[in-house]
Amino acid sequence: MSAESTPGPGIPGDTGTNGPRHRAKGRRRKPPKRHKALMVTAWTAAGLVAVGGAGAGYVYFKLNGNLKSVDIDQALGTDRPKKADNGSENILVLGSDTRAGGNKKLGGGTDDGSARSDTAMIVHVYKGHKKASVVSIPRDTLIDRPSCTDTKGKQYPAANGVMFNSAYSTGGAACAVKTVESITDLRMDHYLEVDFAGFQRLIDDLGGVEVTTTKSIDDPDSHLKLKAGTHRLDGEQALGLVRTRHGVGDGSDLGRIQLQQAFIKALVNQVKDVGVFTNPKKLLDLAETATKTVTTDSDLGSVNKLASFAGGLKGITPSNMHMVTMPVAYDPADPNRVLLQKKKADEIWKALENDKPIPKSATKGTATGEAKGVVSGR
């Protein structure tokens with residue numbers, strides 16, 4: 001697991017800137033229960049730019065002390081894709097499934113000291129910061145993981161034909177970033193991570209999120225039971241929704257990703273509608289929770305820098321977010337794994353490199369999970 005550090009206090013106003021496999025038989029096995037992390041922390045932090053007046057200095061010092069960061073740049077060195085020169089940015093958003101602390105009760109299982117990246121999303125913010133593309137990376141994708149070094153300086157050898165989420169459990173955030181960069185040949189400019197407990201508290205602080213389901217969902221594994229219709233989900237229910245996979249779609253992780261993507265759009269609408277940017281009390285409650293639960297790269301490791309960065313995302317609305325899943329196909333040798341469709345995936349990476357929209361051809365004919373349209377926001 002990567003080392004964490006707490007940044008020094010900020011100053012208000014500082015902007016900063018494939019080995020052999022054997023055919024598996026039978027139905028898909030049920031995986032351990034997981035959760036998904038979202039971009040709510042960034043939109044919450046964006047509201048911090050509005051904080052001012054008496055006591056602002058104290059607020060900044062307090063929130064700044066909550067943040068944890070990892071120095072990914074130092075761990076990866078200079079052998080990385082070049083930064084884009086077209087005004088765009090790429091952010092790797094991870095949700096870790098650690099069972100430490102309050103996450104054990106929410107996630108189930110035991111705390112074995114390890115964690116995996118249960119969710120991975122590349123958020124590409126286009127020049128002008130008015131629109132974004134989000135590419136979800138299925139955790140069950142078999143990939144060739146490059147050799148990497150974690151933030152403590154420990155080195156790990158390369159491995160072939162391993163699950164994507166093993167990169168994080170092997171070498172922490174730095175190894176996850178390097179693996180994503182090796183797959184995409186895109187520079188990850190920033191890194192954000194949230195865990196079980198943090199996700200649930202953020203949703204509760206927001207007052208819940210309204211979604212509509214077109215089908216009933218009953219999944220005892222994620223403890224979620226919803227009739228078809230409109231619901232305002234609290235934190236526990238939202239966590240259940242983004243973790244559920246059985247009884248929805250084809251029961252795969254790909255179907256769960258489709259539910260997550262629909263929930264994200266509903267969440268962004270909720271953040272904008274509850275007055276996060278105009279209600280100081282709600283803003284500070286959310287900021288307190290967000291800064292305690294988010295881990296960032298060191299470039300965003302202060303409240304001022306995180307707020308300055310996230311403030312630029314306020315103009316992105318759900319209608320300007322294009323969400324896709326990295327092109328994959330079910331592995332014929334193992335029904336619980338998927339394989340990267342490299343030619344189609346390269347269409348996505350090339351489009352993002354050039355700050356262009358993702359072409360429809362890149363995702364046509366790929367495995368989907370068959371849960372699209374089950375959940376929608378307002």
Side-chain angles (χ1 to χ4, degrees), residues 1-7 10 33-48 51 59-70 72 91-108 111 115-121 123 151 168 172-173 176 190-209 233-243 260 263-264 267-268 270-271 274 276 281-307 309-310 313:
M1 185 66 188
S2 57
E4 297 175 348
S5 61
T6 300
K33 293 180 288 187
R34 310 287 192 199
H35 93 298
K36 299 293 168 263
L38 306 169
M39 278 288 284
V40 65
T41 52
W43 272 273
T44 298
L48 290 171
V51 175
V59 170
Y60 269 87
F61 274 83
K62 185 175 187 295
L63 297 179
N64 208 68
N66 292 341
L67 280 171
K68 295 173 291 185
S69 65
V70 290
I72 292 172
I91 305 103
L92 178 61
V93 181
L94 290 188
S96 71
D97 65 354
T98 175
R99 263 55 173 179
N103 296 292
K104 180 178 180 180
K105 181 179 179 181
L106 296 173
D111 177 15
R116 289 154 294 276
S117 57
D118 198 45
T119 301
M121 299 178 180
V123 180
T151 54
Y168 182 87
H190 294 297
Y191 172 82
L192 291 170
E193 178 188 330
V194 184
D195 61 19
F196 283 134
F199 173 81
Q200 178 167 320
R201 287 197 298 269
L202 284 166
I203 300 303
D204 283 334
D205 284 352
L206 275 170
V209 175
L233 306 182
D234 61 19
E236 184 176 3
Q237 291 172 312
L239 185 61
L241 178 65
V242 297
R243 288 168 55 202
Q260 295 161 17
F263 183 82
I264 288 174
L267 176 60
V268 174
Q270 183 71 14
V271 170
V274 298
V276 167
K281 175 64 168 64
K282 183 173 289 290
L283 167 62
L284 292 176
D285 287 346
L286 282 164
E288 176 76 4
T289 300
T291 53
K292 283 183 177 179
T293 57
V294 66
T295 299
T296 74
D297 63 278
S298 55
D299 282 349
L300 297 180
S302 75
V303 168
N304 300 300
K305 291 179 179 179
L306 184 59
F309 160 75
L313 304 181

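FYI, the numbering just counts along the sequence from 1.
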Donor-acceptor contact below 3.5 Å, side chain D297 vs main chain Y191: yes
CD on Q200 to OG1 on T289, rounded to 0.5 Å: 11.5 Å
Test item: L94 and L192 side chains (from C-beta on) under 4.5 Å apart, heavy atoms: no
Working for side-chain contact (heavy atoms from CB on, under 4.5 Å), residues T119 and V93: CA-CA 8 Å; T119 301; V93 181; over 6 Å; no
Which atom of A173 lies closest to which atom of V70, heavy atoms considered: CB-CG2, 4.0 Å
Beyond-backbone contact of M121 with Q260, side-chain heavy atoms, under 4.5 angstrom: yes
Euclidean distance, K292 NZ relative to L67 CG, rounded to 0.5 Å: 12.0 Å
Closest non-hydrogen atom pair, V194 against F199: CG1-N, 3.8 Å
Contact check, side chains of L202 and T293, non-hydrogen atoms, under 4.5 Å: yes
Polar side-chain atom of Q237 near backbone of D234 as donor-acceptor pair, under 3.5 Å: yes
Stepwise side-chain contact (heavy atoms from CB on, under 4.5 Å) test for V294 and T296: CA-CA 6 Å; V294 66; T296 74; 4.0 Å; yes
I203 vs F263 side-chain heavy atoms within contact, under 4.5 Å: yes
Backbone N/O of G301 and side chain of S298: donor-acceptor pair under 3.5 Å: no
Shortest non-hydrogen separation from L300 to H190 and the atoms involved: CG-ND1, 3.4 Å
Exercise: identify the closest heavy-atom pair between L267 and V209: CD1-CG2, 3.7 Å
Close side-chain approach of E288 and N66, heavy atoms under 4.5 Å: yes
